[in-house]
Amino acid sequence: MVDSTSSPRVVTRFAPSPTGYLHIGGARTALFNWLLAKKTGGKFILRIEDTDLKRNTPTATQQVIDDLKWLGITWDEGPEVGGPNAPYFQSQRRETYDKYIKQLLDMGRAYYCFESTEELGQLRGQAEAQKKGFIYQRPAELPTQKDVEKAKAEGKPVTIRFAMPEGTIVINDIVRGEVSFNTAELGDFIIIKSDGFPTYNFACVIDDHLMGITHVIRGQEHLMNTPGQQALWQALGFGNPPQYAHMSVTISESGGKLSKRERPQTLRKAIKARPEIYLGKLADIGGIGTDVLKDFLAGDSVPDVPAIEAIAKYLGVELPEINVVDFFKNGYIPEAMVNFLALLGWSTGDTREVMPLQELIDCFDITRLTKSNSLFDRGKLVAYNTEHLKMLPKEKLLAHFKAYLKVVDSPVAKADNETLLRLIKICEGARTLADIEHKCKFLFVADDKIEFDEKAVQKVLLKDNGLAMLKLVRDKLAEMPELTEQGIEDMLRSLANQNNVGLGKVAQPLRVAITGSTISPPIFDSVQMLGKQNTLARIDNTLKKFTGK
RNA sequence: GGCCCCAUCGUCUAGGCCGGUCCAGGACACCGGGUUUUCAACCCGGCGACAGGGGUUCGAAUCCCCUUGGGGCUACCA
């Protein structure tokens, strides 16, 4: 176990509550803790804070684990890998917490309470009416075991609060410096809920101590919890608390803290903006009841993720990417995500920005965390993705691409590795994997299933003799015994020369004919990969469709 | 409302602790031009910031105070 007298090895942790997919803010927190552990040769622990039965979803832990793995963040102790401090699920550590609760109770540093949520709410309302903050008033005489029996008999809820000591608590934060709090303004907080489970503020202290956590990097939203946790730490005689580093918060482009609520909110807005849409239809699409949908629109509840996504897709609404999987599904690669995330609220101090993971680890310095909040700028993320797409070894890219094709259920997934590698190569400069997929999809659909882009048809085929040029190209192509990139290029160039036009005038009609769009990989590769037969078939289809013969 | 945090280009940031080398550097975005078989990529150039007001000082982006603005927390959530 951890021996604090020997060289103080760094131990950090990421402690998510399993309420759904890992969101980008959580990923950033995990990343910084992981980076610090890697940099110092320390240990990184994954601990699941599932003490709120109401909020946990059964699949969430797995989702979080998958997302962390996708990002490349691995843990030395935690779910799946185990470790000396198991179990790593707080819901399975009840006896441990009970032991410390008993200790606090015996010392008179914790006490029982019997107010219901409603009573508490009332008191809070009164305080608010007087424009004062609500602070729980500790009774002059603390309830005894007898009172507890009585309350239980009467069916009252029983909770336990920590008796905050009087005075000022100063926390020495790595990023904020010294921050002091007057405990009178904090009040006694609940450490054991009426269902017997510990609250976050309690369980976290016990586990951080038991697991030998030396550094806690977390969002600024936890700053106000820290004095309480530190007081608990002292009351329990745990020695020196961990070093805290409260990072800046990531702000969304629409205002406040980046939150997973943004996706449903965006959808809700979109539905309300189109009152003509029949709700029953939307409910069907989402596979939910109309009443569920109505509750959602009223702001009362949120349907599950697949329902949200299905409805958004149907309406053509782009949901903001908030969860790590959202970025995965939109064609971002983890190397870029990690790089970008690391530079939100942290910098190397020199001008280095785009760098591989190992370099990130090497130059990580916890003292260089920024104090001010930062806005999540998707445009910059795209730029990082573009750079990493260029930098990454081809085999790794191939693996990412295959995973992406699978998750979006693309027809391109049928291609073999060799083909996929070639697609990646001819799409050099792409910004996302989605770009590559969109560009190359035409190779994997049937000849008669090409969807023509209206603008492309107008601009390229119906203007400047586009169709006539296409016919010329068709005939030349038909004459070629075998299609090679070079052969196609020579043919197209000489055709352009003969007609005294630029290459674009011959290449674009061909491009639109075989892909339906003006956007594709380089035309020579495109035709060669599609093959002679399919290319001719598509040209003929196009000619027939737009000239009537 | 209360408590706490923060404040440099549109955005991410460097610089600030140890005041002069900063009429503020880089990156992304944007605008203009170039390259080009499309998109993307690429090349060149441009626009663009120390929130405001008081101090301290020979001198302040850098130190102090106030104002304003932004953010967080204010649960039997984490």
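Remember, it's a predicted structure, so these values are computed and weren't measured experimentally. In what follows, chains are A, B, ... by sequence order, proteins preceding strands, each numbered from 1. Hydrogens, waters and symmetry mates are skipped; everything else that's a heavy atom, side chains included, is used.
For the pair A/Arg47 and A/Asp208, the salt-bridge criterion is met [side-chain N within less than 4.0 Å of a carboxylate O]. Using a cut-off of 4.0 Å between Lys/Arg side-chain N and Asp/Glu carboxylate O, A/Glu128 and A/Arg124 are scored as not salt-bridged. Between A/Asp453 and A/Lys455, no side-chain nitrogen of the basic residue sits less than 4.0 Å from a carboxylate oxygen of the acidic one, so the salt-bridge criterion is not met. Taking 4.0 Å as the cut-off between side-chain N and carboxylate O, A/Asp207 and A/Arg13 do not count as a salt-bridged pair. Salt bridge status for A/Asp435 with A/Lys439: absent, with no side-chain N to carboxylate O gap under 4.0 Å.
Heavy-atom distances to RNA chain B give each of A/Glu128 and A/Ser347 a nearest nucleotide, and the one nearer the 5′ end belongs to A/Glu128. Each of A/Leu343 and A/Ser520 has a nearest nucleotide on RNA chain B; the 5'-most of these lies closest to A/Leu343.
For A/Phe14 and A/Trp75, the gap between ring centers reaches or exceeds 6.0 Å. Checked against the 6.0 Å centroid criterion, the rings of A/His23 and A/Phe327 do not qualify as a close aromatic pair. Here the two rings, on A/Tyr97 and A/Phe197, have centers that are 6.0 Å apart or farther.
Contacts between residues 156-176 of chain A and RNA chain B, counted as heavy-atom distances below 4.0 Å, involve A/Pro157, A/Thr159, A/Arg176.
If you check every strand for non-hydrogen atoms under 4.0 Å, A/Gly121 touches nothing.
A nucleotide of RNA chain B counts as in contact with chain A when one of its atoms lies under 4.0 Å from a heavy atom; the first and last such, 5' to 3', are B/rG1 to B/rA78.
Of all nucleotides present, none satisfies the Watson-Crick or G-U wobble test against B/rU38 with each distance under 3.5 Å. With a 3.5 Å ceiling on both atom-pair distances, B/rC50 lacks any Watson-Crick or G-U wobble partner. Checking B/rC3 for Watson-Crick or G-U wobble geometry (two distances, each under 3.5 Å) identifies B/rG72 as its partner. Figure legend. B/rU62 is base-paired to no nucleotide; pairs are counted as Watson-Crick or G-U wobble with both atom distances under 3.5 Å.
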